[in-house]
Amino acid sequence: MISIKNLKKEYPNVTPFFDINVEIKKGEVISIIGPSGTGKSTLLRCLNLLETPTSGEIVVDGEVITKKGADIPAVRRKMGMVFQSFNLFSHLTVIENIMLGPVDLLKLSRQQAYDEGLRLLTTVGLVEKALNYPDELSGGQKQRVAIARALAMKPEIILFDEPTSALDPTMVGEVLAVIRSLAREGLTMMIVTHEMKFARDVSTRVFYMDEGGIYEDGPPEQIFDCPKRERTRAFVKRLKTFERVIESSTFDFIEVNTGIEEFGRRQLLSQRQINNLQLVFEELCVQTLLGRGGETLPLRFSVSVSELDGSCEAAIFYSGPSFNPFEEQAGELSIKMVLGLTKEHQWSGENGNHISLVL
Ligand SMILES: Nc1ncnc2c1ncn2[C@@H]1O[C@H](COP(=O)(O)OP(=O)(O)OP(=O)(O)O)[C@@H](O)[C@H]1O
């Protein structure tokens with residue numbers, strides 16, 4: 001369906017990729033992951049010609065869309081795009097936003113576009129908002145309207161550029177649910193996302209972008225469980241665990257807290273799980289262990305998420321003499337709080353102090 005050959009994009013100061021060669025088939029759901037700045041968004045923008053590739057070729061259904069004189073509006077009709085920032089017209093109602101493309105470009109009658117628009121709004125759960133203006137909607141609702149608007153053009157593929165990055169965490173789930181249902185219906189999609197758990201669940205194929213191209217391309221089980229190449233392995237490992245080594249009692253507490261929040265969001269943890277992890281860090285690491293006047297430094301705090309049941313496992317390694325806070329400080333409020341937040345706790349004094357917790 002889409003064939004990308006020797007694609008290169010160069011900006012004056014940076015070349016995000018210089019040799020992408022890949023075939024995309026109908027019905028594939030491709031998540032694009034990778035470190036920041038590796039050209040994930042640029043690749044999507046080149047596909048629907050929002051950016052002009054520096055060299056190389058993109059062929060869609062046998063037609064070279066990168067050649068001079070290509071019908072750009074026709075390309076954009078085939079490839080719907082959903083952006084981070086919704087891009088709805090604020091002076092038009094929800095249904096008018098959706099009808100605009102079909103009436104102007106597909107030449108549907110207003111009635112046909114209206115009926116089809118309502119049908120699509122029903123599929124994204126927003127038919128009741130048809131006559132509202134975008135400003136009256138939440139971020140998650142706006143993004144669902146943007147998805148309905150893209151679908152109204154009957155595209156062959158939808159390109160999602162970080163569709164949940166601008167949303168409040170409480171709204172991420174509703175947008176991901178809509179994308180999941182589109183995947184079940186067999187729509188071809190490419191999704192740039194930082195929601196790794198979602199990428200794993202929804203995709204048939206994952207592109208890991210790095211080193212100027214698609215560094216590794218494979219099914220989600222390969223990329224997330226046994227990546228074949230080194231950089232993919234390192235990236236996936238970083239994603240799966242949150243880890244900080246604390247070497248001084250004046251460490252940056254806010255940075256750790258924000259890091260836990262970002263990790264939790266990427267792993268689609270609930271806000272409650274994220275809060276509980278932050279509380280455990282504060283009560284056990286900061287109040288209890290660092291409260292012992294530096295003898296526990298350096299201290300390593302790490303968290304991972306179980307793939308079986310979504311529970312969080314936290315591990316704390318710390319220095320100093322053998323000290324089991326669950327016994328020696330059992331009466332302290334901090335320890336009582338930690339026990340209230342965890343399903344299991346274990347301390348070991350072999351080879352240094354080690355606490356493992358299940359939340
Ligand atoms: N219009 C532009 N002009 C100049 N440089 C650009 C432009 N757009 C993107 N870049 C640069 O190209 C590189 C790739 O950007 P891109 O947004 O595609 O990366 P990304 O992998 O999507 O990153 P992120 O995960 O942070 O969104 C970055 O270094 C970026 O600064």
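Both backbone and side-chain heavy atoms feed into the values below; hydrogens, waters and symmetry mates do not. Whatever order the structure lists ligands and atoms in, that order sets their numbers, starting from 1.
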Closest non-hydrogen protein atom to [atom], residue and atom name please, with distance?
atom: atom 17 (O) of ligand 1; answer: S41 CB, 3.8 Å
atom: atom 30 (C) of ligand 1; answer: V14 CG1, 4.7 Å
atom: atom 21 (O) of ligand 1; answer: K40 NZ, 2.8 Å
atom: atom 14 (C) of ligand 1; answer: G37 O, 3.5 Å
atom: atom 26 (O) of ligand 1; answer: S36 OG, 2.5 Å
atom: atom 9 (C) of ligand 1; answer: Y11 CE1, 3.5 Å

With a 4.0 Å cut-off on heavy atoms, is [X] touching ligand 1?
X: E162; value: yes
X: G34; value: no
X: M209; value: no

Consider every N or O of G39 and every N or O of ligand 1, then say whether any pair is closer than 3.5 Å. yes
For E216 and T232, which I'm curious about, is there any donor-acceptor pair between the side chains at under 3.5 Å? yes
Q222 and Y208 side chains, donor-acceptor separation under 3.5 Å: no
Taking the six-membered ring for Trp, are H354 and F317 parallel (under 30°), tilted (30 to 60°) or perpendicular (over 60°)? parallel
Is the F281 ring parallel, tilted or perpendicular to the F253 ring (thresholds 30°, 60°)? parallel
State the atoms of ligand 1, each with its element, that fall below the 4.0 Å cut-off from a heavy-atom position in [X].
X: P16; value: 12 (O), 13 (C), 14 (C)
X: T38; value: 19 (O), 21 (O)
X: H194; value: 25 (O)

Given the rule in the side chain to side chain donor-acceptor pair (under 3.5 Å) test, do N257 and E261 qualify, once you have shown the distances and angles that lead to the verdict? CA-CA 6 Å; N257 247 340; E261 173 97 33; over 6 Å; no
Under-4.0 Å protein heavy-atom contact, atom 23 (O) of ligand 1: yes
Decide whether M190 and I20 are clustered together by the hydrophobic rule: side chain heavy atoms of Ile, Leu, Val, Met, Phe, Trp, Tyr closer than 4.5 Å, transitively. yes
Looking at D210 and R229, does any basic side-chain N land under 4.0 Å from a carboxylate oxygen? no
Quick test of your reading of the model: are R265 and E262 salt-bridged, counting only N-O distances below 4.0 Å? no
Among T42, I32, D161, which one has a heavy atom closest to atom 16 (P) of ligand 1? T42
When rounded to the nearest 0.5 angstrom, what is the spacing between CZ in R266 and CG in L239? 5.0 Å
What pair of heavy atoms forms the shortest contact from L92 to N97, and how long is it? O-ND2, 3.2 Å
